[in-house]
2 protein chains.
Amino acid sequence: MRYEEHADEFCSITRPLVVLGDRWTLLILKHSFAGVRRFNAFASSLGISRSRLQNRLDRLVEHGILVKQKADQGAHEEYRLTEKGLDIYPVLMALRDWGDTYMAPDGPPVHYRHHDCTGEAHVRLECDHCRQPMTARDVTPEVGPGLAVLGL
Amino acid sequence: MRYEEHADEFCSITRPLVVLGDRWTLLILKHSFAGVRRFNAFASSLGISRSRLQNRLDRLVEHGILVKQKADQGAHEEYRLTEKGLDIYPVLMALRDWGDTYMAPDGPPVHYRHHDCTGEAHVRLECDHCRQPMTARDVTPEVGPGLAVLGL
DNA sequence: CCGAGTCGGTCTCAAAATGGAACCGAAAGG
DNA sequence: CCTTTCGGTTCCATTTTGAGACCGACTCGG
């Protein structure tokens, strides 16, 4: 099996990974969330080669995660997050929580504050029924409708 | 700047990405969470080449995300998640929530149920002070102690 | 109009990462 | 013994990548 074939799997972890899970894509999106919009700005802040960057941006646009459009003023292009793109934020925040815990010996480099509040954003895995916090150990996988399509 | 230099950035999103953010690593971990432990089992279920797999497993062990040990019975080796590894679960669940929303037209392929409960696990970005749910738009970044080290 | 600068984007090529498959030694089981 | 299975290594052809030169379109000052 080659790598791209994982995109056909009936798994909602694998499918996003095939789109987002390479060295650069999530880094590009991180910069998008930080306000970067222009091709040259991505290129210089990331250190990715221009052709790679083009390739990745195209793919993100193709998947409706970014939109490419002319800036309001100035004739340059801009890459901006769509709603679908904005919804990737929890993934980055989950990475950050883990990074703050295990890879930030001097404490968090950046606080992600709730604006107009003293609190901070944190990802929490919880049960949508009983509202209890959960960990990997509390989860039991079970076949859902997206698999039933196969007639299993 | 080459890719690996991103590991030196003072950013708790970037640092984990340098370790976890390649094509295979998160897929390997997904299989770990699904109970896969043996070298050959990873190799055949993932379709990764054996040398790549070895390389990735070594790196995960090096970072304390997996441990390698002899199985209780049988003399074969096992790769198991450490606590640090188990804490990566929310990242996968965040990817899943996004995948279920945008890449699962027939509904979720798999339910991740709270065992002994009818509910399902979901990732929620919330403010640790006022407990309100948050989105990317509600967040204001602010310098934290891990950056103050630089004397800025 | 001219020429310099900036923009997003493409092309080329050497270097690095990857996939595939053969190969290895150790252990298990007959 | 012999065979199978295990984790793991080595090899090489193919693919992906990084680096930087290059391109045409546009802007702005003169």
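Numbers restart at 1 for each chain; the letters A, B, ... are given by sequence-line order, proteins then strands.
In this structure, A:Phe42 reaches neither bases nor backbone, as no heavy-atom distance under 4.0 Å exists between it and the strands shown.
Summarising the geometry, the separation between CG on A:Leu57 and P on C:dC7 is reported as 16 Å, rounded to the nearest angstrom. Per the geometry, CZ belonging to A:Arg23 stands 8 Å off C1' belonging to D:dT17, to the nearest Å. What separates CG of A:Leu66 from P of C:dG8 is a distance of 14 Å, to the nearest Å. Across the protein-nucleic acid pair, A:Asp22 atom CG and C:dA17 atom C1' stand 13 Å apart, rounded to whole Å. Across the protein-nucleic acid pair, A:Asn55 atom CG and D:dG18 atom C1' stand 13 Å apart, rounded to whole Å. One atom, CD1 of A:Ile48, and another, C1' of D:dA19, lie 12 Å apart when rounded to the nearest Å. With rounding to whole Å, B:Glu78 atom CD is found 13 Å from D:dC6 atom C1'. Here the P atom of nucleotide D:dG8 and the NZ atom of B:Lys70 are 8 Å apart, to the nearest Å.
The side chain of A:Arg52 contributes no N or O atom lying less than 4.0 Å from OP1 or OP2 of D:dG18. Of the side-chain N and O atoms in A:Arg56, one or more sit less than 4.0 angstrom from OP1 or OP2 of D:dT17. Taking side-chain N and O atoms only, B:Tyr79 has a distance below 4.0 Å to OP1 or OP2 of D:dG8. Taking only side-chain nitrogens and oxygens, B:Trp24 never comes nearer than 4.0 Å to OP1 or OP2 of C:dA17.
B:Leu81 is listed as a side-chain neighbour of B:Leu66, based on a closest heavy-atom distance under 4.5 Å.
Here D:dG8 is the nucleotide among C:dG19, D:dG8, D:dG18 with the atom lying nearest to any side-chain atom of B:Glu77. Across C:dG20, C:dG8, D:dT17, the shortest atom-to-atom separation from the side chain of B:Ser49 is found for C:dG20. Out of D:dG7, C:dT10, C:dG8, the shortest distance to the side chain of A:Gln54 is found at C:dT10. Taking every side-chain heavy atom of B:Lys68 into account, D:dG7 is the closest of D:dG7, C:dG8, C:dT18. Between D:dG8, C:dG19, C:dC7, one nucleotide has an atom nearer to the side chain of A:Asn40 than all others, and that is C:dC7. Of the candidate nucleotides D:dT17, C:dT18, C:dC7, C:dC7 has the atom nearest to the side chain of A:Arg38.
Where A:Glu4 and A:Ser51 meet DNA chain D, the nucleotide closest to each residue was compared, and A:Glu4 sits on the side nearer the 5' end.
Donor-acceptor pairing under 3.5 Å, judged by distance alone, is present between the side chain of B:Arg50 and the base of D:dG8.
A salt bridge links B:Asp22 with B:Arg59; the closest basic N to acidic carboxylate O contact falls under 4.0 Å. By the 4.0 Å N-to-carboxylate-O rule, A:Glu83 lies close enough to B:Arg137 to be salt-bridged with it. A salt bridge is absent between B:Lys68 and B:Glu78: the closest approach of a Lys/Arg side-chain nitrogen to an acidic carboxylate oxygen does not fall below 4.0 angstrom.
Side chain of B:Arg15 to backbone of B:Phe10: no donor-acceptor contact under 3.5 angstrom is found.
The same ILVMFWY cluster, assembled from side-chain heavy atoms under 4.5 Å apart, contains both B:Val143 and A:Phe33.
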